[in-house]
Amino acid sequence: MKKVKVKLHFPRKWLGRPLISELITKYGIVFNILHADISYDSEGTLIAEISGDDDSVNNALAYIDSVDVKYKLYNKSIIIREEECIDCGACTAVCPSEALTMDSNNKLRFDKEKCLVCELCIKACPLKIISTEF
Ligand code: SF4
Ligand code: SF4
């Protein structure tokens, strides 16, 4: 089983074409969209998690490569020095995917699966206790 997080950049000519359903049908992968920024008449960006057996994921990435859709793999992840966190919530205010939220006790919660590695929280934290690791 392989799971990768990718950022896809669709050129204008690809908008409206069913790349994702093609990938699912051809390779039997699970395609989980985490964030999308696509408008009808311009280029689009999609952040997604692709999972499946190793060959299926590799073949799906090779197919994306072959059809002129650029992609970037996310190899980084966010780490938070939780013992130093003061639960101020500043990072939750900028997080676009709700990976960072405050729970009912006003404690910070981090859901790694939802993280887009956009790094906005790094800049927002007043204590500078959020960073990336490779
Ligand atoms: S990098 Fe930070 S702000 Fe961006 S999605 Fe992940 S947790 Fe949220
Ligand atoms: S911004 Fe920093 S100190 Fe504030 S809740 Fe987020 S991680 Fe904790």
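Indexing begins at 1, ligand by ligand and atom by atom, following the structure's order.
In I86, the parts holding a heavy atom less than 4.0 Å from any atom of ligand 2 are both the side chain and the backbone. Residue-level proximity to ligand 1 for I130 is absent, since no heavy atom of it falls below 4.0 angstrom.
Using a 4.5 Å heavy-atom threshold, the side chains of N106 and D87 count as separate. Using a 4.5 Å heavy-atom cutoff, the side chains of T45 and F10 are not in contact.
Salt bridge absent: E43 and K70 never bring a charged side-chain N and a carboxylate O closer than 4.0 Å.
Considering only non-hydrogen protein atoms, atom 4 (Fe) of ligand 2 sits nearest to C88 SG, 2.3 Å. When hydrogens are left out, the protein atom nearest atom 2 (Fe) of ligand 2 is C125 SG, 2.4 Å; that is the closest non-hydrogen contact. At the top of the distance list for atom 6 (Fe) of ligand 1, counting protein heavy atoms only, stands C115 SG, 2.3 Å.
The distance from ligand 1 to the heavy atoms of E119 drops below 4.0 Å at these ligand atoms: 1 (S), 4 (Fe). Near C91, the atoms of ligand 2 lying under 4.0 angstrom from a non-hydrogen atom of the residue are 1 (S), 5 (S), 6 (Fe), 7 (S). Of all atoms in ligand 1, listed by their number and element, those nearer than 4.0 Å to a heavy atom of V117 are 1 (S), 6 (Fe). Every atom of ligand 2 with a heavy atom of P126 under 4.0 Å away is listed here by number and element: 1 (S). Here is the list of ligand 1 atoms found below 4.0 Å of a heavy atom in F110: 7 (S). Atoms of ligand 1 lying under 4.0 Å from any heavy atom of I78, numbered from 1 in the order shown and given with element: 1 (S).
The distance from atom 4 (Fe) of ligand 1 to the nearest N/O/S atom of C118 is under 2.8 Å.
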For salt bridge (Lys or Arg N to Asp or Glu O under 4.0 Å), just list the numbers for K2 and D54, CA-CA rounded to whole Å, side-chain angles, deciding distance to a tenth of an Å, and then say yes or no. CA-CA 5 Å; K2 182 171 182 172; D54 287 16; over 6 Å; no
Go through the steps for K5 and E113 under the test salt bridge (Lys or Arg N to Asp or Glu O under 4.0 Å), then give the verdict. CA-CA 10 Å; K5 205 171 273 185; E113 293 297 312; over 6 Å; no
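Grouping the Ile, Leu, Val, Met, Phe, Trp and Tyr side chains by contacts below 4.5 angstrom, directly or via other members, places I20 apart from I47.
Remark: the D53 side chain and the S56 side chain contain an N/O donor-acceptor pair separated by less than 3.5 Å. E22 and Y27 are not linked by any side-chain donor-acceptor pair at a separation below 3.5 angstrom, with hydrogens and angles left out of the test.
When the heavy atoms of S97, C121, C95 are ranked by distance to atom 8 (Fe) of ligand 1, first place goes to C95.
Checked options I64, L73, I24; the residue passing with I50 is I64 (criterion: side-chain contact (heavy atoms from CB on, under 4.5 Å)).
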